[in-house]
Amino acid sequence: MADEDPYLWLEDVTGDAPLGWVRERNAETAAVLAETPRFTALRDDIREVLDADDRIPYVVRRGEHLYNFWMDADHPRGLWRRTTLEEYRKDAPAWEVLLDVDALGAAEGESWVWEGAAVLRPDFRRALVELSRGGADAAVVREFDLERREFVEDGFTLPEAKSAVGWIDEDRVYVGTDFGAGSMTSSGYPRVVKEWRRGTPLSEATTVFEGKPDDVSVRVVHDPTEGFERDFVSRVITFFRSERFLRTSDGELVKLDVPEDARFSVHREWLLIRTRTAWRVGGAEYGPGTLLAARFDDYLAGARELTVLFEPDEHTSLDYYAWTRHHLLLGTLSDVKSAIRVLTPGDGGWTDEPLAGAPEMGNAEVFDTDPDTGDEFFLNSSGFTEPATLSRGVVGEGLEVLKQAPAFFDSDGMTVDQFFATSEDGTRVPYFVVRPGTGHGPVLLTGYGGFEVSLTPSYSGTTGRAWLARGGTYVVANIRGGGEYGPDWHTAALRERRKFAYADFAAVAADLHARGISTPATLGVQGGSNGGLLTGVMLTRYPDLFGAVVSQVPLLDMKRYHLLLAGASWMAEYGDPDDEGDWSFIGEYSPYQNVHSGQHYPPSLYVTSTRDDRVHPGHARKMVARMREQGHDVLYHENIEGGHGGAADNGQLAAKWAMVYEFLWQRLSVH
């Protein structure tokens, strides 16, 4: 392989020679993109949006408090804080600061980035806080006392690793981490989970479950719901297949008879199963994307009486669901437009009705509920040109508007349209077009098309200020591989069918040209992660459709992706490059293997992060090195911090996006 790939040396993430190469490319790119008046204006405008004091401070309820993580100009790494609902209703709530990440980093000489916290139910007195260096997925874990607002001396702590840790009770946790040789999967996630008791060394923790080396990961969780305390083991075999077990009080594992590719959850007495492929059980067959309910204890005992709670149709799919104490909230998409329904179990079966007061326009999403004690939920609604509104509701009692985000750009005269392109096999592919009144500026097309991720209409002050307000048109493509039409829309672009996601995206580009919205010279594309692979394929397979290409934190070398960091976990999505049959279709589109000298490609910009320990920065490094060798018009920027998000704080994030937009403004023919 070394003879075949002269740029393998760039996969050494922190090696002196690769980082020297990175700094040279960064300097070249900065000279072109970051030393213009427009870049400065873009960066400052974006930073103002990111740091705005009147942004909505989104919260999640944990007991009596509403928790928020807040970053601004004075706190670039952020504050973990909390307040009460009574205070939150005020224009200027009084916040109790629990942890100042900037102050912690300064005191410890570390570039800490907040990764989240697991708060112990039901008393909410302790938390397991995760912090990463520079924004990586790998994090340290420290126990935090919420009453004293300090880390617990001699509490539960873990060194930096891609760990999975969760509470059992105040004196026990389940922990999967790097225990030493053989304890991590080939994807870099925990293979072994142990039960760890307070006051004992980690080395004495009791093994609960071991997966196989080629599994993606294993995890054990405890459900502390009073009267329904249960422990569940998940062995994640591939990205879309898992074995699940109930762990009994004596440590026995009882395998749960649910399809490996189905999604599974338990709330109190209810078991929910969401199918990914057709399933025949109990004399009936249920199609992909169906949501089914059963009483957990009855199902465990062998009963297979399932109630259909949702069935998809040609236009409508289930996006998500969330429990309150007594109700199940369903978020659905109908041609990528959202609706929310309330399902309620009762003696006579389940009732189903629309959520009262939910907005009928734009996109609305339930992002937090109280599944333990009440029927409270928080609802966020927005649209491409409508700033977000945060509402609080109690099922059956309507909605209360709590916060409204400011308008970060003038949307007067802007229009939002949904069109459908026809892909090469005849499939209708929806996409949204957001245009200023004139509609004659450059056009930015974005998409994702993988892992059943849906792209729905939402407000972005960054895109609004840096693109729309300056006369650009913004387009979001809902291509196959995503979840916009349920599991079938995703599986239609899996493995050997991946080509259809790329054909869909190219069809949208061609449709934009046919409608007179864009021309090849005025159309730019941008995508990140799997979307970075998407735009890399556009560069190599459909170069005549585009005037500029941006690929961020991308997969590009699909011959080696499964050997780099978390890449092995995605083989269910893309295939196994070491399998000759799989490589026959992967090799057709892999950008690194399909960029050639003597070809004309649109100008391209690759953006990644040294600290991205999910998608290896070697993908972008090697692609750029090869393109430079071949004489193509290519720029590169690698943020030394930032993880898979590409930035560790708002300052870095503003500079990254300003660079992207400046590149697009420069390279597209209409300015």
No-hydrogen, no-angle side-chain donor-acceptor test under 3.5 Å, [X] and [Y]:
X      : Y      : value
Asp215 : Tyr189 : no
Tyr174 : Asp231 : yes
Glu573 : His490 : yes
Ser265 : Tyr321 : yes

Are Trp270 and Trp350 near enough that their ring centres are under 6.0 Å apart?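 Centroid distance Trp270-Trp350: below 6.0 Å, so yes.
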
What residue pairs, at least two apart or across chains, pass salt bridge (charged side-chain N to carboxylate O under 4.0 Å, His left out) with a residue in residues 310-331?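 For residues 310-331: none.
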
Give every residue pair that meets the salt bridge (charged side-chain N to carboxylate O under 4.0 Å, His left out) criterion with at least one member in residues 70-82, sequence neighbours excluded.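 Residue pairs passing salt bridge (charged side-chain N to carboxylate O under 4.0 Å, His left out), neighbours aside: Arg77-Glu641, Arg77-Asp649, Arg82-Glu96.
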
Check for a donor-acceptor pair, side chain of Asp137 on one end and backbone N or O of Asp613 on the other, with a separation under 3.5 Å.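 Such a contact is absent between Asp137 side chain and Asp613 backbone.
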
I'd like to know if the side chain of Arg126 and the backbone of Glu170 have a donor-acceptor N/O pair within less than 3.5 Å.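 Checking the backbone N and O of Glu170 against the side chain of Arg126, no donor-acceptor pair under 3.5 Å is found.
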
Quick test of your reading: applying side chain to side chain donor-acceptor pair (under 3.5 Å), list the pairs with at least one residue in residues 392-401, sequence neighbours left out, ordered by first then second residue.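 Applying side chain to side chain donor-acceptor pair (under 3.5 Å) to every pair that reaches into residues 392-401, excluding sequence neighbours, yields Arg89-Glu400, Glu376-Arg392.
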
Phe377 and side-chain contact (heavy atoms from CB on, under 4.5 Å): which single residue from Leu355, Asp370, Val342, Val394 fits?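 Between Phe377 and the candidates, side-chain contact (heavy atoms from CB on, under 4.5 Å) is satisfied uniquely by Leu355.
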
Using the ring of Trp80 (Phe, Tyr or Trp, six-membered ring only), decide whether Arg149 places NZ or CZ under 6.0 Å from its centre and within 45 degrees of its axis.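 No.
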
Supply the atom-to-atom distance Phe264 CZ to Thr275 OG1, rounded to the nearest 0.5 angstrom.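 If we round to the nearest 0.5 Å, Phe264:CZ and Thr275:OG1 are 15.0 Å apart.
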
